[in-house]
Protein chains: 2
Amino acid sequence: MQNTIKVERAILGITQDELAKKIGVSRQTINSIEANRYVPSTVLALKLSAIFNKPVNDFFRLTDQD
Amino acid sequence: MQNTIKVERAILGITQDELAKKIGVSRQTINSIEANRYVPSTVLALKLSAIFNKPVNDFFRLTDQD
DNA sequence: ACAATATGACAAATATACTTTACATTTAGA
DNA sequence: TCTAAATGTAAAGTATATTTGTCATATTGT
């Protein structure tokens with residue numbers, strides 16, 4: 001799975017820490033997701049969706065190995 | 001988080017076992033998600049999105065306790 | 001009613017998300 | 001250039017998703 005959270009975050013002009021606080025996770029969680037170190041839960045994806053004001057499918061995509 | 005997977009599955013007219021096999025998880029995983037026993041990963045949500053041919057936000061929604 | 005299939009659910013084991021702490025590196029501004 | 005803020009990452013611990021096995025109940029077709 002790939003994501004464009006870094007881009008969406010840049011559009012909002014906020015830091016990893018700020019985004020983390022908005023959705024109630026740690027900064028490292030945001031950092032790890034941006035770095036594709038692990039796959040977030042659907043709740044987290046929906047919270048990002050609400051903050052980015054875009055559907056989940058816009059910034060999370062399946063790749064071949066999925 | 002709430003979901004309408006049971007409805008989407010009924011639209012396709014397939015069993016929990018068939019849906020599970022389509023997305024490569026166990027039948028119990030589908031059963032547990034439909035029963036809201038736990039929150040699936042975003043990869044799983046995207047796979048369901050592909051099979052239902054609908055965006056994730058259509059069948060997964062945040063609730064107050066999220 | 002009977003048999004086969006589908007669903008609900010639980011327990012134990014394993015995999016993995018997420019937190020906290022901590023430190024190094026990079027970036028941005030005075 | 002110096003400093004503070006932002007980012008990248010790693011390790012250890014906790015929480016939770018997912019699997020496998022199993023059984024009970026419900027549903028459907030004959």
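First the proteins, then the strands, lettered A, B, ... as listed; each starts at 1. Bear in mind that the values here come from a model prediction, so they are computed numbers and not experimental data.
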Taking only N and O in the side chain of [X], is any of them less than 4.0 Å away from OP1 or OP2 of [N]?
X: B:R9; N: C:dA6; value: no
X: B:S26; N: D:dT19; value: yes
X: A:S41; N: D:dA17; value: no
X: B:K6; N: C:dG8; value: yes
X: B:N31; N: C:dT7; value: no

- Using a 4.0 Å heavy-atom cut-off across all strands, classify A:T15 as base, sugar-phosphate, or nothing. sugar-phosphate
Note to self: From the set C:dA9, D:dG8, C:dC18, return the single nucleotide nearest to any side-chain atom of A:L44.
What the structure shows: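 The listed nucleotide nearest to A:L44's side chain is C:dC18.
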B:Y38 has its side chain closest, among D:dT19, C:dT7, C:dC18, to D:dT19
(Q) Is any side-chain heavy atom of A:V56 closer than 4.5 Å to one of A:L48? (A)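 No. Closest side-chain heavy atoms not under 4.5 Å.
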Would you kindly give the [atom1]-to-[atom2] distance between [X] and [N], to the nearest whole Å?
X: A:E34; N: D:dT9; atom1: CD; atom2: C1'; value: 14 Å
X: B:I23; N: D:dT18; atom1: CD1; atom2: P; value: 9 Å
X: A:K21; N: C:dT19; atom1: NZ; atom2: P; value: 13 Å
X: B:N36; N: D:dT18; atom1: CG; atom2: P; value: 13 Å

* Closest non-hydrogen atom pair between B:F59 and B:A45, with its separation ->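 Residues B:F59 and B:A45, closest heavy atoms: CZ-O, 3.9 Å.
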- Item | Exam field: side chain B:D66 to backbone B:M1, donor-acceptor pair closer than 3.5 Å |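 Flag set: sc B:D66 to bb B:M1 pair under 3.5 Å.
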- Task: Output yes when a side-chain donor or acceptor of B:T42 lies under 3.5 Å from a complementary backbone atom of A:V39, and no otherwise.
- Result: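 Side chain of B:T42 to backbone of A:V39: no pair is present.
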Taking for B:V39 and for A:A35 the nucleotide of DNA chain D with the nearest heavy atom, the one nearer the 5' end belongs to A:A35
For this session: Assess whether one donor atom and one acceptor atom, taken from the side chain of B:Q28 and the base of C:dT7, lie less than 3.5 Å apart.
Result: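 Result: no qualifying N/O pair found.
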message = Given the structure, check if the side chain of A:R27 and the base of D:dG8 hold any donor-acceptor pair shorter than 3.5 Å.
response = yes
